[in-house]
Amino acid sequence: NATLVNASVTGSGYFGGNAVMSGMAVNGYAYMKDNTLCTKTSENVQTFASLVMEGNAVYNSIASLAFTGLRLFMYDNSKVLGELRSASVTLVARDNATITAAGNLSGASTGTVTIQNDAVIGSSITVAGDITLCGSYNQTTAKTWTGKRVIDNENAPAHDNNVKTQYDF
């Protein structure tokens with residue numbers, strides 16, 4: 001029952017279950033199964049370097065930019081409804097994690113960002129490094145996170161207390 005509408009895959013692809021992909025392009029590999037949904041809501045085609053979706057994951061981005069190179073891995077009931085502006089990041093979404101329609105991943109972001117549990121990104125976020133947002137994290141104002149961090153509260157300090165910077169000496 002999988003459906004592809006105005007979508008293209010260069011490389012390899014597997015579409016199973018009730019997966020739906022519409023208006024997207026993948027230039028590496030795509031793997032969608034179960035009840036996943038990957039659609040665009042603007043005229044710009046987004047080209048993923050890789051796309052893996054399982055469970056009831058939903059990617060319905062309002063992206064105003066036509067970007068290439070994003071690595072997107074979505075599982076469970078995760079949702080990306082906001083704007084992704086970065087092509088140089090790996091985004092992993094699990095559990096009930098959500099990027100709301102008001103949320104966006106800044107174009108300055110690099111590295112890997114993982115959102116899991118019930119974490120919500122509801123505003124602009126910039127990440128550099130390996131950032132995990134988890135638990136009851138619920139972001140409503142712009143944030144910047146750097147380093148290798150696991151953050152479960154949007155009010156966490158801007159720097160990790162265990163990491164010393166040049167300003168700490």
Side-chain angles (χ1 to χ4, degrees), residues 2-9 13 15 17-128 130-145 151 154:
T3 305
L4 273 73
V5 178
N6 295 326
S8 68
V9 177
F15 298 88
N18 295 313
V20 175
M21 176 185 254
S22 176
M24 299 294 195
V26 180
N27 64 14
Y29 64 89
Y31 172 81
M32 293 178 67
K33 71 174 198 171
D34 304 323
N35 296 308
T36 56
L37 174 66
C38 184
T39 61
K40 67 180 183 125
T41 58
S42 72
E43 292 302 314
N44 297 305
V45 174
Q46 298 170 23
T47 303
F48 299 97
S50 56
L51 173 69
V52 174
M53 297 179 73
E54 295 180 359
N56 296 310
V58 173
Y59 178 91
N60 194 14
S61 180
I62 58 172
S64 60
L65 302 174
F67 61 76
T68 60
L70 178 72
R71 293 169 303 281
L72 181 66
F73 302 88
M74 296 182 65
Y75 307 96
D76 309 314
N77 296 309
S78 60
K79 292 179 180 64
V80 173
L81 308 173
E83 190 168 0
L84 302 182
R85 297 179 182 167
S86 179
S88 57
V89 72
T90 299
L91 175 62
V92 180
R94 298 185 178 282
D95 307 317
N96 295 310
T98 302
I99 297 178
T100 68
N104 74 66
L105 182 59
S106 165
S109 295
T110 59
T112 301
V113 60
T114 302
I115 54 175
Q116 62 190 32
N117 307 122
D118 295 317
V120 175
I121 296 173
S123 184
S124 178
I125 187 169
T126 303
V127 298
D130 185 358
I131 305 297
T132 298
L133 306 174
C134 60
S136 60
Y137 180 93
N138 187 2
Q139 177 187 325
T140 57
T141 60
K143 293 284 185 181
T144 298
W145 301 110
I151 302 164
E154 62 280 5

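These values consider heavy atoms only, across backbone and side chains, with no hydrogens, waters or symmetry-generated copies.
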- Is the backbone of Val127 close enough, under 3.5 Å, to the side chain of Ser109 for a donor and an acceptor to pair up by distance? yes
- Message: If I take atom CD from residue Glu154 and atom CD1 from residue Ile125, how far apart are they, to the nearest 0.5 angstrom?
- Response: 11.0 Å
- Note on the structure: For Thr100 and Gly122, the nearest pair of non-hydrogen atoms, with its separation, is OG1-CA, 3.3 Å
- CG on Leu72 to OG on Ser50, rounded to 0.5 Å: 8.0 Å
- Provide the closest heavy-atom pair for Thr90 versus Arg71 in the form atom of the first, atom of the second, distance. OG1-NE, 2.8 Å
- Message: Within the structure provided, determine whether Leu91 and Ile99 are in side-chain contact (heavy-atom separation under 4.5 Å).
- Response: yes
- Message: Determine whether a donor-acceptor pair (N or O, by modelled atom type, separation under 3.5 Å) exists between the side chain of Asn18 and the backbone of Asn35.
- Response: no
- Check the angle between the aromatic planes of Phe73 and Tyr29 and answer parallel, tilted or perpendicular using the 30° and 60° thresholds. tilted
- Query: For Cys134, does its backbone N or O pair with a side-chain atom of Gln116 as donor and acceptor, under 3.5 Å?
  - Reply: no
- Message: Let me confirm one number: the CD1-CD1 distance from Ile115 to Ile151, rounded to the nearest 0.5 Å.
- Response: 13.0 Å
- Determine whether Leu133 and Trp145 make a side-chain contact, defined as any pair of heavy atoms from C-beta on separated by less than 4.5 Å. yes
- Query: What pair of heavy atoms forms the shortest contact from Ser78 to Arg94, and how long is it?
  - Reply: CB-N, 4.0 Å
- Query: Are side-chain heavy atoms of Leu51 and Met24 found at a separation under 4.5 Å?
  - Reply: no
- Item | Min side-chain heavy-atom separation Met74-Thr36 under 4.5 Å | no
- Would you give the length of the straight line joining atom OH of Tyr137 to atom CG of Asn117, rounded to the nearest 0.5 angstrom? 13.5 Å
- Report the distance from atom CG of Asp118 to atom CG of Asn96, rounding to the nearest 0.5 Å. 5.0 Å
- Straight-line distance of Glu54 CD to Asn56 CG, nearest 0.5 Å: 11.5 Å
- Side-chain donor-acceptor pair under 3.5 Å between Thr112 and Asp130, yes or no? no
- Message: Please find the pair of heavy atoms, one from Ala30 and one from Phe15, that lie closest to each other, and give the distance.
- Response: CB-CZ, 3.8 Å
